[in-house]
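The block underneath contains the structure these notes are about, expressed in structure tokens.
Values in this document were obtained by computation on a predicted structure and should not be read as measured data. Per chain, numbering begins at 1; letters A, B, ... match sequence-line order.
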Protein chains: 2
Amino acid sequence: MSTSGPYHHGDLRPALLRAAGQLLEKQGLAALSLRETARRAGVSHNAPYRHFPDRGSLLAALATAGFAALGTAMQEAAAHGGLRAMGEAYVRFALERPQRFRLMFGGALPIAKHAALRESATRVFEGLAQALAPQLAGPAGRDASIAAWALVHGLSQLLLDERIASSALRGRERDEMVRAVLGSIRFAAAKPQTPA
Amino acid sequence: MSTSGPYHHGDLRPALLRAAGQLLEKQGLAALSLRETARRAGVSHNAPYRHFPDRGSLLAALATAGFAALGTAMQEAAAHGGLRAMGEAYVRFALERPQRFRLMFGGALPIAKHAALRESATRVFEGLAQALAPQLAGPAGRDASIAAWALVHGLSQLLLDERIASSALRGRERDEMVRAVLGSIRFAAAKPQTPA
DNA sequence: CCTGTTATGTTGACAATGACAACATTATCC
DNA sequence: GGATAATGTTGTCATTGTCAACATAACAGG
């Protein structure tokens with residue numbers, strides 16, 4: 001073999017995650033095999049097992065990274081545009097990385113088995129709840145927070161599945177339509193001005 | 001082989017769907033293999049190919065049946081309890097058949113490839129839109145309809161993934177909590193009384 | 001009836017995959 | 001510098017989806 005690099009890759013774990021991430025986004029979860037990722041990283045078919053005990057663990061690591069990215073995207077958006085922007089960032093993330101989003105929420109991986117995954121996900125949701133807190137306090141407010149989250153999450157899912165007919169756009173840009181949909185509801189327990 | 005029944009099963013297609021449905025709910029989508037379903041139906045590993053061109057088509061058929069079931073569940077609920085009950089039926093369906101629901105919305109199957117699937121899904125959503133129409137008319141109302149659907153769908157997903165901490169129940173039954181969450185929002189464009 | 005055509009199942013392959021075991025090479029630390 | 005652990009490799013296996021070739025049953029027209 002002419003193409004035999006150094007015996008030790010030196011930085012394999014991140015390389016595998018990169019390769020797997022590309023495979024995921026381009027071919028979908030079903031086409032993401034351990035062996036193909038190994039090939040793309042230029043190592044033997046069994047090398048990944050030194051870094052991930054099984055396929056599920058690789059996927060869990062991908063999902064964990066996804067939650068981290070979603071979290072920072074939302075924080076950045078919140079800093080500039082407030083709550084509104086936060087929700088829009090959530091939807092945008094889903095539409096820009098559809099396969100990753102599905103992996104994160106599709107239930108394909110046993111969350112209980114992967115502590116790091118669960119934690120990174122929880123962090124994101126806590127950030128959302130905190131941002132909502134000022135407007136929605138008290139017991140009823142907490143239910144409303146869940147509703148807000150569900151709304152944003154559900155809209156992401158439906159757009160992702162292309163389940164919202166293009167006629168619903170009615171000539172608007174997609175982002176504009178998202179804004180309108182998110183703005184079309186009011187929270188019963190809201191404190192002062194018009195939230196959303 | 002002593003256990004060799006008649007050469008022709010006689011009713012294989014539905015039998016396969018039954019077996020596959022059980023496998024799906026009990027073991028999850030990943031464990032649903034064509035060969036295992038064939039085994040459970042008592043036929044050879046290739047018999048399913050006389051009824052489904054490939055694995056994806058079997059899954060599509062399962063999803064199609066799922067949409068049909070969801071549709072009737074929602075219609076029944078609507079007949080008795082109105083809009084509220086409709087939304088609750090949606091959530092209940094998701095929680096009672098988690099794997100089926102995930103199959104229907106997880107994006108694991110290429111919707112474009114399966115016309116029957118797309119149609120049965122569309123029927124369900126049209127039913128929902130129609131039920132919403134009286135309360136939410138006009139352009140703004142249509143955005144609100146999408147919001148309502150997204151809310152119900154997102155809540156289902158989050159509950160399914162066990163992403164809503166049990167502390168959010170605050171002592172209530174789950175159904176009660178669902179009611180409260182769905183009831184915590186108002187539609188900006190609503191016509192008369194308090195919708196939900 | 002019985003015969004040929006079609007629907008439905010079966011057997012037998014093949015390549016790809018996840019996983020395990022045994023072995024090889026390099027890093028690290030006393 | 002030599003033991004020991006970390007990291008990669010080769011070899012192997014059972015399972016799976018799918019294709020091709022064959023077998024059996026249902027059924028139609030004479």
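Proximity of A/His51 to the phosphate of D/dA6: no side-chain N or O atom is located under 4.0 Å from OP1 or OP2. The phosphate of C/dA19 has OP1 or OP2 within less than 4.0 Å of a side-chain N or O from A/Tyr49. For the OP1/OP2 pair of C/dG18 and a distance below 4.0 Å, the side-chain nitrogens and oxygens of A/Arg55 include at least one atom meeting the criterion.
The distance between the ring centers of A/Phe105 and B/Phe105 does not fall below 6.0 angstrom.
Not one N or O on the side chain of B/Arg50 forms a donor-acceptor pair closer than 3.5 Å with the backbone of B/Asn46. Between the B/Arg100 side chain and the B/Leu62 main chain, a donor and an acceptor come within less than 3.5 Å of each other.
Taken residue by residue, residues 40-48 of chain B places heavy atoms nearer than 4.0 Å to DNA chain C at B/Val43, B/Ser44, B/His45, B/Asn46, B/Ala47.
Annotation: of the two residues near DNA chain C, A/Leu34 and A/Arg50, the 5′-most nearest-nucleotide partner is A/Leu34.
Classification of B/Asp54 and B/Lys113 as a salt-bridged pair fails, no side-chain N sitting under 4.0 Å from a carboxylate O. Salt-bridge formation is detected for the pair A/Arg172/B/Asp143: a Lys NZ or Arg NE/NH1/NH2 atom is positioned less than 4.0 Å from an Asp or Glu carboxylate oxygen. At a threshold of 4.0 Å, the pair A/Glu88-A/Arg179 counts as salt-bridged, since one of the basic side-chain nitrogens sits closer than that to a carboxylate oxygen.
You'll find that the side chain of B/Arg35 is closest to C/dA13, out of C/dT17, C/dA13, D/dG8.
Rounded to a whole Å, the CG atom of A/Leu12 is 15 Å from the C1' atom of C/dT25. The CG-P distance, from A/Leu29 to C/dT17, rounds to 14 Å in whole Å. Here D/dT15 presents its C1' atom at 15 Å from CG of B/Leu32, a figure rounded to the nearest Å. Atom-to-atom, NE2 of A/His9 to P of C/dA27 comes out at 14 Å; the value is rounded to the nearest Å. For the pair B/Leu58 CG and D/dT16 P, the computed distance is 14 Å after rounding to whole Å. We find that CG of B/Asp11 is positioned 11 Å from P of C/dT8, with the value rounded to whole Å. Protein atom CZ of B/Phe52 is 14 Å distant from nucleotide atom C1' of C/dT8, rounded to whole Å.
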Pair A/Arg39-A/Glu36, salt bridge (Lys or Arg N to Asp or Glu O under 4.0 Å): steps then yes or no: CA-CA 5 Å; A/Arg39 254 169 248 135; A/Glu36 181 62 24; 2.4 Å; yes
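Contacts of A/Arg39 with the nucleic acid, taken as non-hydrogen atoms under 4.0 Å apart, involve only primed sugar atoms and P, OP1 or OP2. When heavy atoms are screened at a 4.0 angstrom cut-off, B/Gly10 is found touching the sugar-phosphate backbone but no base atom.
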